[in-house]
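Notes for the one structure printed next.
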Protein chains: 2
Amino acid sequence: MNKNKKRSDCPISNSLDIWGDKWSLLIIRDLMFNKTCTYKDFLNAGEGIATNILSARLASLEENGMIEKVDNPGTKTRVYYKLTTKGIELVPILVEVHLWAEKYFTIPADIKARIKGAKTDKEGFIKASIKELKKA
Amino acid sequence: MNKNKKRSDCPISNSLDIWGDKWSLLIIRDLMFNKTCTYKDFLNAGEGIATNILSARLASLEENGMIEKVDNPGTKTRVYYKLTTKGIELVPILVEVHLWAEKYFTIPADIKARIKGAKTDKEGFIKASIKELKKA
DNA sequence: CCGCATCCCTATAGATACTG
DNA sequence: CAGTATCTATAGGGATGCGG
């Protein structure tokens, strides 16, 4: 991904150049719902990403300012990742994707519950989520 | 893409399985701003998609109910494509991506103008766009 | 011409084994 | 635990062909 190649001046295209692959948004999702994740957390997220792909995506997302790697030497979880502000601001997009998907796929109730608040008050839910994430 | 393989029960993941690649959303984008497109229109959209890739994506998006192929025999543009309702309902996502990208990339004024209305009244802009697209 | 299909070749994605 | 290394599969680019 993203070897500094902008395919065009289109904002959609520019965005996809950074996180428009099968995995990046899932990494962002994990960080949205968990605030911080370790390498292992991502691997256990359910979709089964390969270690080399995960490694490459983390590097790419960090390079593009979407996530931050935090070193915490001496603790159990020595390395973890969190969203930057730029990454946090993808929340509205993720919420819209979530809402769209619920209309067209069968989603288990426990997963639906993750954005339940967005159904009654979308803007409020988004604002609260962003605020929470910025505290991490 | 999408050989009927759902990676998980996550709505984000399910969505990406259908249109989470470098090209699908650009095709959707073209249909959002132009209502209908011919094969040639997509090829000339600016990013330079290859003919075989375009063909594959169109087939995949049609298979997944995102777009429709319309045959119009006897006219100049014999074949064109349009969004289905399912595809039209990606508008909120595209708008959010657009807005996000304008914060983090330098976008030419003429392209920014495409969703100018969304900055003052996002919900209104989205509703109007959807209504327009459904008329096509 | 237009809307693809096909072939060839390269680049990237992805699975698995292994390492500091 | 957090990644590399290696190998294979697939996506993608570019040229060309072909029926309508």
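Letters A, B, ... mirror the listed sequences (proteins, then strands); counts begin at 1. Here the structure is a predicted model, which means the values were calculated and not measured.
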Item checked: Value in whole Å for how far the C1' atom of C/dA13 lies from CG of B/D21 -> 13 Å
Checklist line | Residues forming a side-chain hydrogen bond (donor to acceptor under 3.5 Å, both in side chains) with A/K122, sequence neighbours excluded | finding: A/E96
Checklist line | Difference in axis direction between the ends of the helix from C/dC1-D/dG20 to C/dG20-D/dC1, five pairs, 10° | finding: 30°
Check: Are B/R57 and D/dA11 close enough that a side-chain N or O sits under 4.0 Å from OP1 or OP2?
Finding: no
Note to self: What is the distance, to the nearest angstrom, from the OH atom on B/Y81 to the P atom on C/dC2?
What the structure shows: 14 Å
Check: Could you give the CG-to-C1' distance, from B/D71 to C/dC2, as a whole number of Å?
Finding: 13 Å
Margin query: For B/S24 and B/D21: C-alpha separation, side-chain torsions, deciding distance, then whether side-chain hydrogen bond (donor to acceptor under 3.5 Å, both in side chains) applies.
Written below: CA-CA 6 Å; B/S24 293; B/D21 65 289; 2.5 Å; yes
Next item on the list: Mind calculating the distance between NZ (A/K22) and P (D/dT10) to the nearest angstrom?
Entry: 11 Å
Item checked: Short N-O contact, B/K119 and B/E102, less than 4.0 angstrom -> yes
Item checked: Protein-to-nucleotide contact annotation, 5' to 3' order, nucleotides 15-20 of chain C [B base; S sugar-phosphate only; - none; under 4.0 Å, heavy atom] -> BBB---
Check: Distance under 6.0 Å and angle within 45° of the ring axis: does A/R57 meet both against A/W19?
Finding: no
Notebook entry, point to check: Can you tell me how far C1' of D/dT4 sits from CG of A/L58, to the nearest Å?
Noted result: 14 Å
Next item on the list: Whole angstrom is fine here: how far is it from NZ in B/K69 over to P in C/dC2?
Entry: 16 Å
Note to self: I need the CZ-P distance between A/R7 and C/dT12, as an integer number of Å.
What the structure shows: 13 Å
Margin query: Please enumerate all residues that pass side-chain hydrogen bond (donor to acceptor under 3.5 Å, both in side chains) together with B/N44, with sequence neighbours excluded.
Written below: none
Checklist line | Any side-chain donor near an acceptor of the partner, A/Y104 and B/E89, under 3.5 Å | finding: yes
Checklist line | Under-4.0 Å salt bridge between A/E47 and A/R29 | finding: yes
Next item on the list: Ignoring hydrogens and angles, state whether a donor on the side chain of B/D41 or B/T38 is under 3.5 Å from an acceptor on the partner side chain.
Entry: yes
Note to self: It should be established whether B/S55 places a side-chain nitrogen or oxygen under 4.0 Å from OP1 or OP2 of nucleotide C/dA5.
What the structure shows: yes
Check: For DNA chain C, what residues of residues 27-43 of chain A have any heavy atom nearer than 4.0 Å?
Finding: none
Next item on the list: Sorted by first residue and then second, give each salt bridge (charged side-chain N to carboxylate O under 4.0 Å, His left out) pair with at least one member in residues 105-118 of chain A; sequence neighbours left out.
Entry: none
Check: In terms of side-chain heavy atoms, does B/E68 have a donor or acceptor partner in B/T84 at a distance below 3.5 Å?
Finding: no
Next item on the list: Report the distance from atom CG of A/L16 to atom P of D/dG12, rounded to the nearest whole Å.
Entry: 12 Å
Note to self: For a quick check of understanding: with a heavy-atom distance under 4.0 Å over all strands, which category does B/Y80 fall into, base, sugar-phosphate or nothing?
What the structure shows: nothing
Check: How long is the span from the CD1 atom in A/I12 to the CD1 atom in B/I93, to the nearest 0.5 Å?
Finding: 10.5 Å
